[in-house]
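Since the structure comes first, as structure tokens, the remarks are kept for the end.
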Amino acid sequence: MQMNEPEAHFGTTPARRETGAVILDLKNISLSFGGVKALTDISFDVRQHEIRAIIGPNGAGKSSMLNVINGVYRPQQGEIVYRGEVRRNMDCHAAAKSGIARTFQNIALFKGMTVLDNIMTGRNLKMTSNFLMQALYWGPARREEIAHRIKAEEIIDFLEIQAIRKTPVGRLPYGLQKRVELGRALAAEPEILLLDEPMAGMNVEEKQDMCRFILDVNDQFGTTIVLIEHDMGVVMDISDRVVVLDYGKKIGDGTPDEVRGNQDVINAYLGVGC
Amino acid sequence: MAAPYLSVNNVEVIYDHVILVLKGVSLQVPQGKIVALLGANGAGKSTTLKTISTLLRGERGDVTKGEVQFKGERIDQLTPNELVRRGLSQVMEGRHCFGHLTIEENLLTGAYTRNASRSELKASLEKVYHYFPRLRERRGSQAGYTSGGEQQMCAIGRALMARPSMILLDEPSMGIAPQIVEEIFGIVKDLNSKENVSFLLAEQNTSIALRYADFGYILENGRVVMEGAAADLSCNEDVKEFYLGVSGAGRKSFRDMKFYRRRKRWLA
Amino acid sequence: MLMNFFFEVLIGGLLSGVMYALVAIGFVLIYKASGVFNFAQGAMVYFAALTCVGVMDKLGVSLWIALPITVAVMIVLGLAIERVVLRPLVNQPEITLFMATIGLAFFIEGLAQLMFGAQVRKLELPIEDVPSQYLMDNYNILVSQFDIMAAAVCGLLVTTLALLFSKTKVGRALRAVADDHQAALAVGIPLQRIWAVLWAVAGLVALVAGMLWGARNGVQFALTFVALKALPVLILGGFTSMPGAIVGGLIIGASEKLAEVYIGPIVGGGIEGWFPYVLALLFLLVRPEGLFGEKIIRRI
Amino acid sequence: MLYREAGQFKTSYQADGQIFPILQDRIALLALMAVAIVAVPLLASPYALSAILIPFLIFSLAAIGLNILTGYAGQLSLGTAAFMAVGAFASYNFILRIPGLPVLLAFVLGGLSAALVGIAFGLPSLRIRGFYLAAATLATQFFVVWCLTKIPYLTNYSSSGVITAQPIVILGYVFDTPASKYLLVLAVVAVMALLAKNMIRSNVGRSWMAVRDMDVAAEVIGFRLMRTKLLAFAVSSFYCGVAGALYAYAYLGTVEPEAYNLDLSFRILFMIIIGGVGSVLGSFLGAAFIVLLPVMLNIVAHSLALPTSVASNLELMVFGALIIFFLIVEPHGLARLWQIGKEKLRLWPFPH
Amino acid sequence: QPAEQYIALPSYRVGPYAAGGSGFYGGIIDYFNLVNLSGGVNGVKISWEECETEYNPSRGVECYERLKTKNGGATLVEPLSTGVAYGILDRLAVDKIPMTMIGYGRSDAANGKVFPYVFPLITSYWNQAAAMIKYLGDKEGGMAKLKGKKIVHLYHDSAFGKEPLPVLEALSKQYGFELIKIPVTPPGSEQQSQWLQIRQAKPDHVILWGWGSMNAVAIKTAQRNGFPREKILGVWWAGSEEDTVPTGDAAKGYSAMTFNTPGNYPVLDEIRKKLYDAGKGNMADASRIGSVYHMRGVSAAILWVEAIRTAQEKFGKGKRITGEQMRWGLENLNVDEARQKAIGAFGMLPVVKTSCEDHEGSGAVKVQQWDGKKWNAVTPNWIVGDKALTRQLLEESSAAYAAEKKITPACAK
Ligand SMILES: Nc1ncnc2c1ncn2[C@@H]1O[C@H](COP(=O)(O)OP(=O)(O)OP(=O)(O)O)[C@@H](O)[C@H]1O
Ligand SMILES: Nc1ncnc2c1ncn2[C@@H]1O[C@H](COP(=O)(O)OP(=O)(O)OP(=O)(O)O)[C@@H](O)[C@H]1O
Ligand SMILES: [Mg+2]
Ligand SMILES: [Mg+2]
């Protein structure tokens with residue numbers, strides 16, 4: 001019986017992890033849409049196991065940055081070095097295949113499907129049986145489905161959303177949808193997880209939960225995390241390094257404390273009294 | 001306390017004929033006050049606001065009990081258009097900008113119910129642009145292509161264009177950079193004190209909401225479980241712990257939250 | 001001689017295109033307002049034309065008396081549709097609204113025939129469908145004077161509607177409604193009233209189309225099929241654009257005629273049925289929203 | 001307390017992944033199948049079998065096919081009848097030209113031919129969406145019927161372009177009575193519905209729904225848009241193709257290409273919208289609605305002793321009005337209505 | 001309770017072809033009522049039931065199945081729709097119910113050895129096509145004059161429009177006229193390109209093989225392009241008031257085939273007097289009495305009633321006959337001039353005499369011309385084309401069908 005309380009390994013206190021070598025390196029990325037310059041000559045890197053935050057005022061180009069990383073947008077200039085491979089740009093599917101998963105700012109769940117199905121979609125790249133086998137739902141296909149179902153249930157337990165597993169996601173309140181979206185991304189067992197404002201629209205308590213989930217993922221699986229968030233408390237508390245964007249340009253990069261002290265950042269983003 | 005400007009009396013809401021979401025919610029907004037509606041995800045805040053603005057019908061929700069009054073008249077049978085005419089505007093959760101319209105056109109649709117002259121419109125636009133300079137820069141882009149925060153500003157600006165006397169704000173701070181959040185609440189306060197606009201705001205960012213609001217309601221599982229002056233609420237220990245994230249020992253780092261806490265509920 | 005024939009085919013095609021555009025306009029109106037393809041447009045064309053001749057027949061009045069009566073009927077129909085069908089379906093999926101218009105089509109077809117019978121009728125407009133002598137004599141090109149009038153009417157209609165919907169408040173509101181019903185309601189756009197007006201206008205456009213097509217082909221059930229001719233026009237021109245309806249109509253009309261005449265004989269003829277669709281499809285591959293349609297926004 | 005899932009705990013994911021997780025549903029389904037297989041052929045009149053049940057089942061199959069494409073993969077199509085026509089005419093030609101080819105295999109080959117055509121005409125869907133795609137699929141409809149009238153080879157040079165379905169013989173048994181044809185159709189439809197249900201609850205089905213709900217996100221999490229959409233077109237056309245072959249072989253007998261006209265495409269589309277977009281059950285309910293309602297209306301109208309033309313027109317009006325009525329009651333179709341009914345029943349006797 | 005002779009009428013009174021359907025079935029029912037008023041056929045009243053098919057094959061099949069078992073079983077069926085007729089073709093022999101296909105459907109069904117239960121009564125498409133060429137030849141002053149002439153076959157691009165091609169092609173070879181085939185995509189609401197092509201080709205004659213709204217459009221488009229209507233000859237499905245009235249004066253001079261002679265007949269007067277004046281007419285509009293479709297319906301009913309009479313003579317007067325017996329009646333029909341006179345329909349339809357080999361029974365047609373108000377016959381005599389040719393085609397085609405269906409051709413008893 002698998003549908004019980006969370007497995008122990010999710011709940012234990014993590015040891016402080018080490019951040020490692022550079023896994024993702026973005027070099028001189030520029031991106032524009034017609035006349036709008038969304039990103040101008042931005043370079044930064046992400047190390048293995050770290051939590052890397054991107055902050056900046058609205059419209060600074062944070063989401064665009066994530067879109068570049070996982071291949072939704074193709075930058076006009078610059079290159080991406082991922083796990084030592086140099087790429088001019090990513091392609092969505094290749095990015096997913098090579099272990100980049102993400103969540104979206106405007107929730108992009110599959111509205112007509114249940115929570116469980118949404119999370120199962122996250123595992124699609126790990127499924128190998130062809131559609132004929134699936135149609136017969138027999139032998140390997142069936143075993144595969146059940147094996148992946150077990151994984152999905154683990155994630156459901158981990159995120160504490162057991163009660164809603166069969167609910168169509170369209171009916172869920174905003175905050176839970178965000179959680180489901182995280183679940184879907186986790187289901188892919190990614191190497192890098194890109195999170196676009198995972199805590200928007202949550203109250204403190206829920207944010208605390210969410211932080212916990214993110215930290216645990218980071219600790220337990222060693223997943224590298226790139227995070228966009230407007231809640232400075234969260235960013236300062238959980239991230240290892242922070243990039244600050246403003247008007248498509250990078251105006252700061254460093255540890256939370258360094259960034260907090262950076263006058264440009266204060267002017268552009270944090271405002272006084274922070 | 002002044003006579004209620006807006007009052008919701010014991011409403012019960014069912015979605016899709018089977019999902020009971022509001023189980024008898026009552027609340028009042030006095031004229032010229034800011035009232036905060038707080039509560040966890042799924043507590044029914046958005047539903048309450050949609051009930052007031054009668055937008056519920058489009059989502060297959062039914063008000064099965066209770067009534068809503070605005071300026072002393074029942075409004076639950078009116079069309080949203082009529083409500084806007086009477087001065088009640090809503091900013092919906094999740095932005096809902098018109099993707100194909102430019103930011104400026106979006107703002108102009110907000111003034112649909114006003115038979116305003118060109119110059120009046122221009123003045124109103126200027127005011128919104130003054131509040132949100134970012135929108136001025138992006139005025140010509142289609143809203144569908146703008147960033148999340150820009151859309152949120154656009155949605156708020158659009159509601160302001162109707163010059164309402166009462167605004168229902170659903171999570172205005174969502175996805176907005178911190179200093180703009182402060183600005184938005186500044187605008188709320190500003191409109192409230194200068195133009196006597198009343199507000200009912202559903203907000204997750206409890207600390208800032210209680211800072212600006214006069215009065216607060218806490219909603220849980222479709223019921224009002226606590227109400228009181230904002231100042232009282234922010235001193236309440238439970239509220240402090242669950243909604244403000246501060247316990248006796250002061251604010252804790254998000255990194256140090258060790259265990260998943262089972263939420264304490266006022267009503268199980 | 002060959003050149004001359006080419007031009008005749010071309011002109012004939014362009015004029016047919018105008019007739020298609022006339023029907024397409026009705027679709028565009030509704031699509032603009034609700035993002036839905038109005039399946040009942042063809043039925044409305046039939047209903048309008050049949051009502052007009054039916055009134056002339058039953059009351060024994062002239063066209064000039066029957067026409068205003070029909071205008072009134074079409075307006076009432078538009079208002080009724082909004083009240084009974086659309087209002088309860090605000091904010092529902094597009095496919096649901098689409099299906100509702102299908103139900104509507106059945107209803108209107110039944111109603112029209114119930115009131116006025118199913119037989120084929122003649123509708124005579126004061127202008128005859130014969131080649132214009134003037135053009136024949138001076139340019140040796142054969143164009144029906146009826147077609148010239150149809151083109152004029154269509155041009156007028158499109159210009160008026162396009163002006164009405166381009167920069168005005170109503171035009172903006174329409175686009176808003178098509179984007180998001182809920183949000184449109186929230187900002188106070190009187191969705192119901194707008195729909196009612198637009199359906200009434202669509203009814204009037206259907207009346208114009210019905211009169212012209214009816215005078216040409218007789219008032220009969222087959223008028224409901226002219227909608228099929230308008231479809232490729234719509235996808236080519238873009239579902240949301242008035243000028244698109246005209247330009248699309250002209251392109252489709254001209255190219256389908258040229259194709260039938262010059263390519264048809266090679267492959268066995270009768271290609272007019274699918275050629276416009278294939279042509280429109282090729283266009284769509286380049287511009288998925290048609291020539292003038294609104295770009296579909298896909299941003300995450 | 002008749003309809004409760006309370007107390008039915010699932011002890012494995014396998015059990016939880018069942019098509020009908022609730023015991024009462026399973027019992028009901030078994031009972032239904034038993035009735036369909038045993039009681040119906042024994043008790044139903046030839047009229048009910050050959051004029052109602054057979055077309056109902058065939059239309060259900062076509063509706064499942066369209067539902068896979070439109071309901072699950074989100075690609076609105078108006079070319080269903082064309083795929084049915086391909087299935088029918090291809091089966092006819094396979095049987096005609098390959099002596100001794102088993103009929104069922106011919107149906108499969110017919111379905112595969114339809115699938116190929118489906119893939120070809122599905123290619124534009126990679127760029128075109130929504131009503132634009134729907135209108136564009138009309139190209140399929142007109143082009144296929146045009147081909148069938150233009151290429152005499154396909155109709156075996158019959159002077160009128162009409163084909164006559166060969167007798168259905170499987171392992172020496174001739175399916176010529178209404179009951180036997182009914183059982184054959186039932187078997188095919190039941191098996192294919194089961195396969196469809198399996199696909200839908202597996203990864204393919206999820207890939208379709210993901211593409212339907214949000215294609216960009218689907219791409220980002222690793223589904224390949226092209227493969228997913230084309231697979232949907234292929235599977236859907238396969239279903240339609242088999243349905244088309246059954247339509248010719250088990251129902252009409254002699255068919256002209258015109259029998260697969262736009263009107264038929266629309267009828268199938270009505271079925272899925274009325275029944276429920278994205279629901280296998282809905283395909284059946286919708287088919288029942290569209291097949292049965294006109295018949296019932298016709299019977300009612302005649303019993304009123306109205307003049308026939310009045311009755312016929314009233315029938316049409318009531319049909320249209322009922323469609324609208326049901327949509328207003330439940331925009332998501334009869335399947336959703338059914339589901340809500342069940343949910344209410346589950347709560348009964350407590351209102352909420 | 002006296003026995004009733006029950007006939008199934010899967011009819012259509014809504015949809016695109018409702019105009020024709022209401023006239024045709026109206027004519028049938030009017031004649032039935034008339035017969036019943038005078039006591040039925042030797043005392044056997046005729047009963048019937050209608051069912052709306054909307055011209056849709058699938059609904060037609062349902063109607064047939066529903067109607068066939070009622071009232072003790074149907075003994076005849078007539079769907080007036082090719083698609084529906086095909087859908088029930090295979091069921092007829094099993095159910096032992098004869099079907100008539102008056103003026104439509106596959107021409108080779110006239111071979112009763114292969115299609116025992118199918119009766120394309122009066123005339124088939126092939127005989128019509130042959131008669132058309134015969135008429136055009138006569139008009140030119142002899143078949144030999146057809147040599148070098150151009151004839152356009154403007155046709156509904158469907159099985160229906162292509163049906164006469166074997167005959168036309170054979171005749172074009174035989175007489176040396178050029179046959180130009182121009183298809184019109186159904187429903188044919190736009191024909192500008194076709195008529196420009198026709199004008200370009202400058203043909204001597206145009207055969208309009210159209211159906212439904214296509215006909216009016218063809219005539220109107222001819223007018224628009226200044227093509228003389230006198231050169232157009234339509235098939236009988238392009239030769240009713242429904243096809244010409246909507247075109248107004250544009251159809252003046254246009255002629256079309258028919259298997260009824262336009263005019264008034266005593267039987268129509270009776271219908272007018274006994275039924276419509278008493279408010280019992282089937283059509284809403286009494287002015288449609290004697291219209292082409294109505295008369296076609298009356299003719300159909302006349303032939304059926306005669307078949308019943310014939311069968312009763314063999315199987316027992318005053319008794320209800322079965323479907324099988326009805327089949328015999330239809331196969332041994334002889335509605336000669338004397339019989340027509342007795343009915344009050346002399347000359348309204350050609351003489352029909354059927355046999356096992358010939359379920360058609362006639363093949364004779366007339367040409368009628370529209371004068372702007374009504375149809376007038378332009379050929380005083382019935383025209384018959386090259387029946388030897390059509391017979392040969394019929395034998396070949398039905399043999400192929402029999403082979404495909406594994407039927408051994410034989411006359412039923
Ligand atoms: N597809 C696009 N087409 C046109 N402009 C775009 C597109 N994507 C982004 N932009 C523009 O690029 C800029 C950066 O957008 P982005 O979404 O990256 O901002 P962001 O930093 O995520 O802001 P927020 O915090 O408000 O979400 C914005 O001004 C936006 O309007
Ligand atoms: N259209 C709908 N159909 C069915 N259930 C719904 C619908 N909309 C909301 N609900 C349900 O109603 C409950 C209350 O939702 P509501 O959106 O009002 O919550 P909320 O307090 O605004 O939450 P959040 O803070 O996440 O916005 C939720 O449990 C949700 O699942
Ligand atoms: Mg963003
Ligand atoms: Mg909410």
Side-chain angles (χ1 to χ4, degrees), chain C residues 31 35-37 39-40 84-85 88-89 92-115 117-118 228 231-232 234-235 238-239 267-282 284-286 288-290 293 296 298-300, chain D residues 70-71 74 76 78 121 123-124 126-147 149-151 214-217 220 262 266 269-270 272-274 277 309-310 312-333:
Chain C
Y31 194 90
V36 168
F37 174 73
F39 190 82
V84 179
V85 182
L89 289 173
Q92 294 312 324
E94 282 166 8
I95 191 149
T96 306
L97 282 174
F98 171 56
M99 188 69 208
T101 66
I102 292 172
L104 197 60
F106 285 120
F107 188 85
I108 294 178
E109 284 164 9
L111 183 67
Q113 300 190 52
L114 187 70
M115 291 194 307
L228 283 183
L231 275 180
L234 282 172
I235 49 180
F239 271 120
V267 293
I271 61 175
E272 260 174 311
W274 53 265
F275 183 82
Y277 287 96
V278 173
L279 182 79
L281 204 108
L282 292 179
L284 286 190
L285 290 180
V286 185
E289 56 284 327
I296 301 159
R298 293 163 64 224
R299 196 198 157 201
I300 48 172
Chain D
T70 300
L76 195 54
L78 295 176
F121 282 95
L123 284 171
L126 300 179
R127 272 186 68 79
I128 307 171
R129 277 154 235 280
F131 287 108
Y132 285 93
L133 180 66
T137 53
L138 283 174
T140 331
Q141 176 65 51
F142 294 127
F143 186 73
V144 166
V145 173
W146 180 82
C147 280
T149 32
K150 286 291 156 183
I151 306 176
M214 193 162 272
D215 52 358
V216 197
V220 166
L262 185 60
F266 274 121
L269 183 67
F270 302 166
I272 69 163
I273 304 180
I274 291 284
V277 172
S309 56
V310 174
S312 296
N313 285 314
L314 271 183
E315 224 180 287
L316 206 61
M317 288 170 68
V318 174
F319 183 61
L322 278 179
I323 288 180
I324 296 172
F325 173 77
F326 271 98
L327 288 175
I328 292 174
V329 173
E330 180 47 66
H332 295 277

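Throughout, protein chains are lettered first and strands after them, A, B, ... in sequence-line order, and every chain is numbered starting at 1.
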Response to the item:
Heavy-atom nearest pair, C/Ile235 first then D/Ala136, reads CD1-N, 4.1 Å
Worksheet item: Parallel under 30°, tilted from 30 to 60°, perpendicular over 60°: which one fits the rings of C/Phe239 and D/Phe131?
Response: perpendicular
Worksheet entry | Portion of D/Leu262 that has a non-hydrogen atom of chain C nearer than 4.5 angstrom | side chain
Worksheet item: Closest approach of D/Ile128 and C/Leu285, non-hydrogen atoms and distance?
Response: CD1-CD2, 4.2 Å
Practice prompt. Find the one option among C/Val278, C/Leu284, C/Leu231 whose heavy-atom pairs under 4.5 Å with chain D are most numerous.
Written response: C/Leu284
Worksheet item: Which region of D/Ile323, side chain (C-beta onward) or backbone (N, CA, C, O), has a non-hydrogen atom less than 4.5 Å from a non-hydrogen atom of chain C, or is it both or neither?
Response: side chain
Worksheet item: Where do D/Ile328 and C/Pro88 come nearest, in terms of heavy atoms and distance?
Response: CG2-CB, 3.6 Å
Fill in: D/Ala135 versus C/Tyr277, closest heavy-atom pair with distance
O-CD2, 3.4 Å
Worksheet item: Would a distance-only check, ignoring hydrogens and angles, find a side-chain to backbone donor-acceptor pair under 3.5 Å from D/Tyr132 to C/Glu289?
Response: yes
Fill in: Part of C/Leu228 lying under 4.5 Å from any heavy atom of chain D
side chain
Worksheet item: What distance separates C/Leu114 CG from D/Leu314 CG, expressed to the nearest 0.5 Å?
Response: 5.5 Å
Practice prompt. Please name the pair of heavy atoms, one in D/Leu316 and one in C/Glu109, separated by the smallest distance, quoted to 0.1 Å.
Written response: CD2-CB, 4.1 Å
Practice prompt. Check each atom of C/Val84 against the heavy atoms of chain D and say whether the ones under 4.5 Å are side chain, backbone, both or neither.
Written response: backbone
Practice prompt. Under 4.5 Å heavy-atom distance to chain C, tell me which part of D/Leu76 shows up: side chain, backbone, both or neither.
Written response: side chain
Distance-only donor-acceptor pairs under 3.5 Å for side chains of residues 95-103 of chain C, two or more places apart:
unit_1   : atom_1 : unit_2   : atom_2 : d
C/Thr96  : OG1    : D/Pro331 : O      : 3.1
C/Thr101 : OG1    : C/Phe39  : N      : 3.1
C/Thr101 : OG1    : C/Phe98  : O      : 2.5

Worksheet item: Taking the six-membered ring where the residue is Trp, are the ring centres of C/Trp274 and D/Phe143 under 6.0 Å apart?
Response: yes
Discussion item. So, taking the atom named CG in D/Leu322 and the one named CZ in C/Phe106, what distance separates them when rounded to the nearest 0.5 Å?
Written reply: 12.0 Å
Worksheet item: For C/Leu89, is it the side chain, the backbone, both or neither that has a heavy atom under 4.5 Å from a heavy atom of chain D?
Response: side chain
Worksheet item: How long is the span from the CG atom in C/Leu111 to the CE atom in D/Met317, to the nearest 0.5 Å?
Response: 4.5 Å
Worksheet item: Which answer fits C/Gln113, side chain, backbone, both or neither, if we ask what part of it has an atom under 4.5 Å from a heavy atom of chain D?
Response: both
Item to complete: Heavy-atom distances under 4.5 Å only: say whether D/Thr140 touches chain C with side chain, backbone, both or neither.
Response: neither
Discussion item. I'd like to know whether CZ of D/Phe325 has more than 12 heavy-atom contacts from other residues, nucleotides or ligands below 6.0 angstrom.
Written reply: no
Fill in: Heavy-atom pair of closest approach, residues D/Lys150 and C/Gly268
NZ-O, 2.6 Å
